[in-house]
Amino acid sequence: MPLATFAGLDEAVADLVHDGDTVALEGFTHLIPHAAGHEIIRQGRTGLTLVRMTPDIVYDQLIGAGCATKLVFSWGGNPGVGSLHRFRDAVEHEWPVPLEIEEHSHAGMANRYVAGASGLPFAVLRGYTGTDLVAHTATIKTITCPFTGEVLTAVPAITPDVTVVHAQQADRDGNVMMWGITGVQKEAVLAARRALVTVEEVVDEFTPRPGAVVLPNWVVTRVAVVPGGAHPSYADGYSVRDNEYYQQWDAISRDRDTFRSWVDDNIMRAGGE
Amino acid sequence: MPLATFAGLDEAVADLVHDGDTVALEGFTHLIPHAAGHEIIRQGRTGLTLVRMTPDIVYDQLIGAGCATKLVFSWGGNPGVGSLHRFRDAVEHEWPVPLEIEEHSHAGMANRYVAGASGLPFAVLRGYTGTDLVAHTATIKTITCPFTGEVLTAVPAITPDVTVVHAQQADRDGNVMMWGITGVQKEAVLAARRALVTVEEVVDEFTPRPGAVVLPNWVVTRVAVVPGGAHPSYADGYSVRDNEYYQQWDAISRDRDTFRSWVDDNIMRAGGE
Amino acid sequence: MADWTSDEMMTVAAARALHDGVVCFVGIGLPSTAANLARRTHAPNLVLIYESGTLGAKPVHLPLSIGDGVLAESADSVITVPEVFNYWLQPGRVDIGFLGAAQLDRYANINTTVIGGDYEHPKIRLPGAGGAPEIAASCREVIVVVRQSRRTFTDRVDFVTSVGFGAGPGDRERLGLRGSGPRRVITDLGVLEPDPDTCELVLTHLHPGATVEQATEATGWPLVVRDDLTVTEPPTGTELDVLRALQAGAGGRKPTE
Amino acid sequence: MADWTSDEMMTVAAARALHDGVVCFVGIGLPSTAANLARRTHAPNLVLIYESGTLGAKPVHLPLSIGDGVLAESADSVITVPEVFNYWLQPGRVDIGFLGAAQLDRYANINTTVIGGDYEHPKIRLPGAGGAPEIAASCREVIVVVRQSRRTFTDRVDFVTSVGFGAGPGDRERLGLRGSGPRRVITDLGVLEPDPDTCELVLTHLHPGATVEQATEATGWPLVVRDDLTVTEPPTGTELDVLRALQAGAGGRKPTE
């Protein structure tokens, strides 16, 4: 088994994220890998298929910067604030580039990651029935129970070329530990061909913690030490959510020029995080 | 939501386990609810369909005592020792009563519980292909991926009338906490119509623990306080596995009369545990 | 002139709809506010599930996102997102699911996806489904909380994101949806409930100060008013105090800030 | 007269088959002993997965069951049994799976279910499948460890519990089995490996002191002996010392007891 190696964020993104890749940045409100998203923008990746249950600010930035041509998602808003203006502008006006969308529900997306992590081509759930999503999303089909004859819903596995997550800690061998709300990150990492994990810090040894998830170094490709790499999201035990940033993003993202100069000042000129 | 109530083990078994029920006693080597199994024998239940991934000593006793007419399982042995003689006697010589078997693999059984816990009629896995189990077990069928056309295996959900597990602690509201190796117990409880949990002790408040599983009181039917209720299995933090008992069981269970007198002395005359 | 706003009345009415001990699937915003108000007043044993994986959360202050740390710290257990949907929501273990709506039709079908144009080129692109379709399908009951206006209460939704009663009686059964669907639509003007025979939303309650004319005016279909139309009890002093303290302290701010 | 038993030789040979750093799915008994011997000698970075849900277990003494506390205490993480099979075994993340056998045929198909009579009325009812069918299907490689005798090495198994090479070349592919199947059958007499062309198990190694005649006599089909038949290196003093200390301390017993 190839083991995880350490690298700088710039080098790790250069190695693992290629133009045209299917990329999943996961983190459910907590532990969102913002710094890695900024590095992808800085390196000017294009043609990405972005996968994420809740494309919030991190994907609004990637979409507005023109990195993505397709979005696979289940909820695209600014949590507690409102719209994602760059996402809307891309869908409503094809700016800066047309954005194809593949739209699901949370239950569907979660099960697609589970199927990917399980080495199965699809997952079964009770979902979507009666909604207009069925008519507009090709990756929603019916499947019949071979025992009861009941008709249920099938969705295909998600298997990203690369999954990026942020965690609290890695040990010196590249094993990763995260705790708090861990959402669908384990499944997203196990479903991917390559996995990049940014961490708050490296420790000699993990302290067992309630609710901790450990990713062994043989399912992680690269670890990059990026303290604060989740900001404006947070890392339980290291930082708190920057709720003001989420509110300010509404004004920053509303206007194309304001957004662009924000990207220039805060991402392009900022250098590696 | 009806909430869990406390009861004595005898009362709880009398209320929840009925003749002819499908009953799952789970616990994967650790936390096996032996005391509850003994109480079922003491109350003379018959016609039970017993479900368990690893029917070890606890089911050897129930089968030998004539409580079961069907066994749904994936591995029937005395771990680290050898055969389950009562199980073999029932299958090979229909003693004390004929025992119908429904045989699966661990992966199949685990997924059947997952389907039950998920409110789905079946689960999909890569399993059984090419084995003779397919020809002998009606609850193994093929299913075709609606996206890739790949043929996989489907198994039906397990939904026991009652699931019985042993846990370390309950709080005064009937919430349950277990830790250590928790196997498939959460799925077995969530898949069941009724759930009986025997616990080592009642505490005022749970201490969050690494790897702890909490079952809220609205998915548990009864809690019975039975210290040592897992013996000869163990409860991490409370007891150690009685390996000698497992070795001695080989001799006790080999002979019908020895077994019967053991049951009389250790279960029937023992009274409630 | 009442000493409370119509939004406060709406939130209080939503909180009152939550009986003690029920299991409630909560989204951020008004539903979370209402659920936490209920937990601090008449329903101390309310079980809150947030889709981020916090089971039995008892937040000491209003979370500003479904993933706030305060939810994880106070939860009976924190589980994965797949487990929330597969082990807890899908099997019908949740009593009440709260939903909002950008558009709502007479059969309580909900649109949170697109408005105007067509799906590929919408006039307005909304956030989308999130957990709503399966909440609407699997919770024993659904409560919709939304401000009432002709723009929102439309005769037909542009997109069915979450199913209420589909095209009318029998549709939920035909679709195999196991929950009983929306039992109440709570607005800033009053409460609508599905007619037992037609499944059409009819006006059953008016909030103090609101009129049938206002409600009719704010509804995009000929609104039926039930004969036994009753007036909602106004917010009590306690309800208002607790609600305002909650909102002042949202996100952990000191109410004094 | 060697100062080691044929079982010790078999265990040492199995341990040597585990290269450092591989991920190994371990069952109780000889496989667990061999894996822990390897971890204490040439393969300190061996990753042990027990089906009870202990990922990366580093037991300080030999466990007597797959659920011993020592496995949970020493594991990188303890996961549920469904997760072991769905997230870790099924996707092919495990390099090597160890299997035993009550019967084994020339194509390394394994029977651990029933012997004699028919399935409903067997002469001998064995424990059954456990995790074996999926271990045999999904691990990158399978190593079978079993004492060699004519009763065990049968021309045809009474029941196929776990698939080796089915009826011969191409069968694993036809069945969609993703792992490469049994690469080695390690016995108390020597080592058998599948012939690259026929998939039939042929004798490739003899343990010191064992003869081709013994091996042939203990095999229920005409045993082919490979031209480059080699003799296994006998156990080193270190291997024997570590192995005997492990076994003396099994279950946490003080080796002095």
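For the numbers below, each heavy atom of this structure counts, side chains included, while hydrogens, waters and symmetry mates do not. Every chain is numbered from 1 and lettered A, B, ... according to where its sequence line falls, protein lines coming before strand lines. All values reported here derive from a predicted model rather than from experimental measurement.
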Trainee: Among B/Val114, B/Val240, B/Ile101, B/Asp236, which residue has the highest count of heavy-atom pairs closer than 4.5 Å to chain D?
Mentor: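 Ranked by contacts with chain D, first place is B/Ile101.
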Trainee: Which region of B/Phe87, side chain (C-beta onward) or backbone (N, CA, C, O), has a non-hydrogen atom less than 4.5 Å from a non-hydrogen atom of chain D, or is it both or neither?
Mentor: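 Just its side chain gets close to chain D.
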Trainee: Decide if atom CZ of D/Arg156 counts as having more than 12 heavy atoms of other residues, nucleotides or ligands within a radius under 6.0 Å.
Mentor: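 Atom CZ in D/Arg156 is not crowded, with 12 or fewer foreign heavy atoms closer than 6.0 Å.
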Trainee: Taking only residues two or more places apart in sequence or in another chain, which ones pass side chain to side chain donor-acceptor pair (under 3.5 Å) with D/Gln90?
Mentor: none
Trainee: With a 4.5 angstrom heavy-atom cut-off, which part of D/Glu73 approaches chain B: side chain, backbone, both or neither?
Mentor: neither
Trainee: Among B/Leu152, B/Thr54, B/Thr131, who wins on heavy-atom pairs under 4.5 Å with chain D?
Mentor: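 Of B/Leu152, B/Thr54, B/Thr131, B/Thr131 has the most heavy-atom pairs under 4.5 Å with chain D.
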Trainee: Taking every non-hydrogen pair under 4.5 Å, which of B/Pro210, B/Pro79, B/Gly130, B/Gly180 racks up the most with chain D?
Mentor: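 So the answer, after comparing B/Pro210, B/Pro79, B/Gly130, B/Gly180, is B/Gly130.
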Trainee: Looking at D/Ser65, D/Ala72, D/Gly130, which one has more heavy-atom pairs under 4.5 Å with chain B than the rest?
Mentor: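 Between D/Ser65, D/Ala72, D/Gly130, the count favours D/Gly130.
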Trainee: Please give me the minimum heavy-atom distance between B/Phe73 and D/Pro127, naming the atom from each residue.
Mentor: CE1-O, 3.6 Å
Trainee: Kindly determine whether B/Leu84 and D/Arg125 satisfy side-chain contact (heavy atoms from CB on, under 4.5 Å), including the steps that lead there.
Mentor: CA-CA 9 Å; B/Leu84 289 178; D/Arg125 173 66 226 196; over 6 Å; no
Trainee: Could you check D/Phe159 against B/Leu133 for side-chain contact (heavy atoms from CB on, under 4.5 Å), going step by step and ending with a plain yes or no?
Mentor: CA-CA 8 Å; D/Phe159 189 99; B/Leu133 285 165; 4.1 Å; yes
Trainee: Got a second to check how far B/Thr182's OG1 is from D/Ile79's CD1, nearest 0.5 Å?
Mentor: 10.0 Å
Trainee: Would you sort out whether D/Thr80 and B/Val184 count as a side-chain contact (heavy atoms from CB on, under 4.5 Å), showing the intermediate values?
Mentor: CA-CA 6 Å; D/Thr80 67; B/Val184 75; over 6 Å; no
Trainee: Can you tell me which of D/Gly128, D/Pro82, D/Pro133, D/Ser77 forms the most heavy-atom pairs within a distance under 4.5 Å of chain B?
Mentor: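 Most pairs with chain B among the choices: D/Pro82.
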Trainee: Could you give the distance from NE2 (B/His30) to CG (D/Asp68), rounded to the nearest 0.5 Å?
Mentor: 10.5 Å
Trainee: Looking only at non-hydrogen atoms, find the nearest pair between B/Asp132 and D/Asp158 and report the distance.
Mentor: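 Nearest pair, atom of B/Asp132 first, then D/Asp158: OD2-O, 4.5 Å.
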Trainee: Only pairs of heavy atoms separated by less than 4.5 Å count here; which of B/Ile181, B/Asn78, B/Asn243 has the most with chain D?
Mentor: B/Ile181
Trainee: If we ignore hydrogens and angles and just use 3.5 Å, is the side chain of D/Glu134 paired with the main-chain N or O of B/Tyr128 as donor and acceptor?
Mentor: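 Yes, because the side chain of D/Glu134 sits within donor-acceptor range (under 3.5 Å) of the backbone of B/Tyr128.
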Trainee: Shorter than 4.5 Å, heavy atoms on both sides: which option in B/Ala110, B/Ala135, B/Gly183, B/Gly77 has the most such pairs with chain D?
Mentor: B/Gly183
Trainee: Are more than 12 heavy atoms from other residues, nucleotides or ligands located less than 6.0 Å from atom CZ of D/Arg244?
Mentor: yes
Trainee: What part of B/Gln185 lies closer than 4.5 angstrom to a heavy atom of chain D: side chain, backbone, both or neither?
Mentor: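 The answer is neither part of B/Gln185.
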Trainee: So which of D/Leu177, D/Asn86, D/Thr161 has the biggest tally of heavy-atom pairs under 4.5 Å with chain B?
Mentor: D/Asn86
Trainee: Does any backbone or side-chain atom of D/Arg178 lie under 4.5 Å from a heavy atom of chain B? Answer side chain, backbone, both or neither.
Mentor: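 Side chain of D/Arg178 only, per the 4.5 Å heavy-atom cut-off to chain B.
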Trainee: With a 4.5 angstrom heavy-atom cut-off, could you sort out which part of B/Met109 is near chain D: side chain, backbone, both or neither?
Mentor: neither
Trainee: Does B/Tyr234 reach the main-chain N or O of D/Gly69 with its side chain, forming a donor-acceptor pair under 3.5 Å?
Mentor: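 Side chain of B/Tyr234 to backbone of D/Gly69: a pair is present.
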Trainee: Heavy atoms only, distances under 4.5 angstrom: which of D/Asp171, D/Ile124, D/Thr112 has the most pairs with chain B? Name it, please.
Mentor: D/Ile124
Trainee: Looking at B/Glu103, B/His104, B/Arg241, B/Glu187, which makes the most heavy-atom pairs under 4.5 Å with chain D?
Mentor: B/Glu103
Trainee: Taking atom NE2 of B/His106 and atom CG of D/Leu89, what is their separation to the nearest 0.5 Å?
Mentor: 11.5 Å
Trainee: Counting only heavy atoms not in B/Arg256, do more than 12 sit closer than 6.0 Å to its CZ atom?
Mentor: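 Check passes, neighbour count above 12.
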Trainee: Is D/Glu83 in contact with chain B via its backbone, its side chain, both, or neither, using a 4.5 Å heavy-atom distance?
Mentor: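 Looking at D/Glu83, nothing touches chain B.
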Trainee: Among D/Ser52, D/Ala75, D/Gly53, D/Ala137, which has the most heavy-atom pairs under 4.5 Å with chain B?
Mentor: D/Ser52
Trainee: Rounded to the nearest 0.5 Å, how far apart are CZ of B/Arg126 and CG of D/Leu175?
Mentor: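 These two atoms lie 13.0 Å from each other.
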